[in-house]
Amino acid sequence: MKIPKSSQDLIEEIYICVDLSEKLGDLRIRQLYKILNKVSDEIIIQGVIQIFENKNRNNTLYLDQLYAGQILTQINPKSTIDLKLILDKTLDNWNKSISNLPYWLLNNYTKETLKNELLTISNHPLKSNEKDNAETMIWWIEQVK
C-alpha cells in the first residue's frame, strides 16, 4: 500500500480495498486509515467526493461509498470547498444508508447552512434522485441534536 499523493491515488487505494474485501475483510481499509494522516485534507476530500460521484461501479457502489464515508468519519478532513459544489457532485449518486457523508458535512458546515442548501436543492432538483436524497440527508442531520 502506498501513501496517496493525489486524489486519484486515494481513489485507486479505496477501490483496491473494496475489491479485496471478500478476501481480506476490512484489513486493508483499516491499514489505509493509518496512513491517511500523512495525506492532505484536500486530497482526501477530493478523492472521497469522486467516490460518491462515481456511477461506474454499480456492483460495488455501496461498499465504495461505505469505505469513503468511513474515511470521512475516521480522518475528519476539514473542507474549504463550497458546500453547494460538494452537494452538486455527491447528492444524486449518494447511497442514503451511508450516514457518514451527511454527518461529516454537518461537522464541516453549520447545521443551518447545510439544511438551507439541502432545502434549496429539494425544492429545485436538477437530477433525478436529488429531491429524495436531499430530503433523506435532512432527516439524517435532524437526528443530531
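Here the side chains of Asp9 and Glu13 are not in contact, with every heavy-atom distance at 4.5 Å or above.
Put simply, Leu20 and Leu36 are part of two different groups of oily side chains (I, L, V, M, F, W, Y) that touch within less than 4.5 Å, one to the next. In the hydrophobic clustering of this structure, Leu24 does not group with Tyr62; members are Ile, Leu, Val, Met, Phe, Trp, Tyr whose side-chain heavy atoms approach within less than 4.5 Å, directly or through other members.
Taking a 6.0 Å sphere around CD of Gln143, one finds it holds more than 12 heavy atoms contributed by other residues, nucleotides or ligands.
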Tabulate below the donor-acceptor pairs under 3.5 Å that side-chain atoms of residues 73-83 make, not counting sequence neighbours, or state none.
residue: Thr73; atom: OG1; partner: Gly69; partner atom: O; Å: 3.2
residue: Thr73; atom: OG1; partner: Asn100; partner atom: ND2; Å: 2.6
residue: Ser79; atom: OG; partner: Ile81; partner atom: N; Å: 3.1
residue: Ser79; atom: OG; partner: Tyr109; partner atom: OH; Å: 3.0
residue: Asp82; atom: OD2; partner: Lys84; partner atom: N; Å: 3.4
residue: Asp82; atom: OD2; partner: Leu85; partner atom: N; Å: 3.4

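Interatomic distance, OG1 of Thr90 versus CG of Asn95, reported as 12.5 Å (0.5 Å rounding). The NZ atom of Lys131 lies 12.0 Å from the CD1 atom of Ile121; values are rounded to the nearest 0.5 Å. Here the CD1 atom belonging to Ile71 is positioned 7.0 Å from the SG atom belonging to Cys17, to the nearest 0.5 angstrom. The CD atom of Gln46 sits 9.5 Å away from atom CD1 of Ile43, with the distance rounded to the nearest 0.5 Å. Distance check: Leu118 CG to Thr113 OG1 gives 10.5 Å after rounding to the nearest 0.5 Å. Between the CD atom in Gln70 and the CD1 atom in Ile98 there is a gap of 8.0 Å [rounded to 0.5 Å].
A pairwise comparison of heavy atoms in Trp94 and Thr136 identifies CH2-CG2, 4.0 Å as the closest pair. Residue Gln65 comes nearest to Asn93 through the heavy atom pair NE2-O, 3.0 Å, listed as atom of the first residue, atom of the second, then distance. Contact record, Ala68 with Ile51: CB-CG2, 3.6 Å, taken as the closest heavy-atom pair.
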Exercise. Please test Arg28 against Gln31 for side chain to side chain contact (heavy atoms under 4.5 Å, CB included), starting from the C-alpha separation and ending with a verdict.
Key: CA-CA 5 Å; Arg28 201 158 198 293; Gln31 291 172 334; 4.2 Å; yes
Practice problem: Evaluate side chain to side chain contact (heavy atoms under 4.5 Å, CB included) for Lys96 paired with Asp132, printing each intermediate quantity in order. | Solution: CA-CA 9 Å; Lys96 296 184 287 187; Asp132 189 43; 2.4 Å; yes
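Partners of Tyr15 under the side-chain hydrogen bond (donor to acceptor under 3.5 Å, both in side chains) rule, at least two apart in sequence or in another chain, are Asn54.
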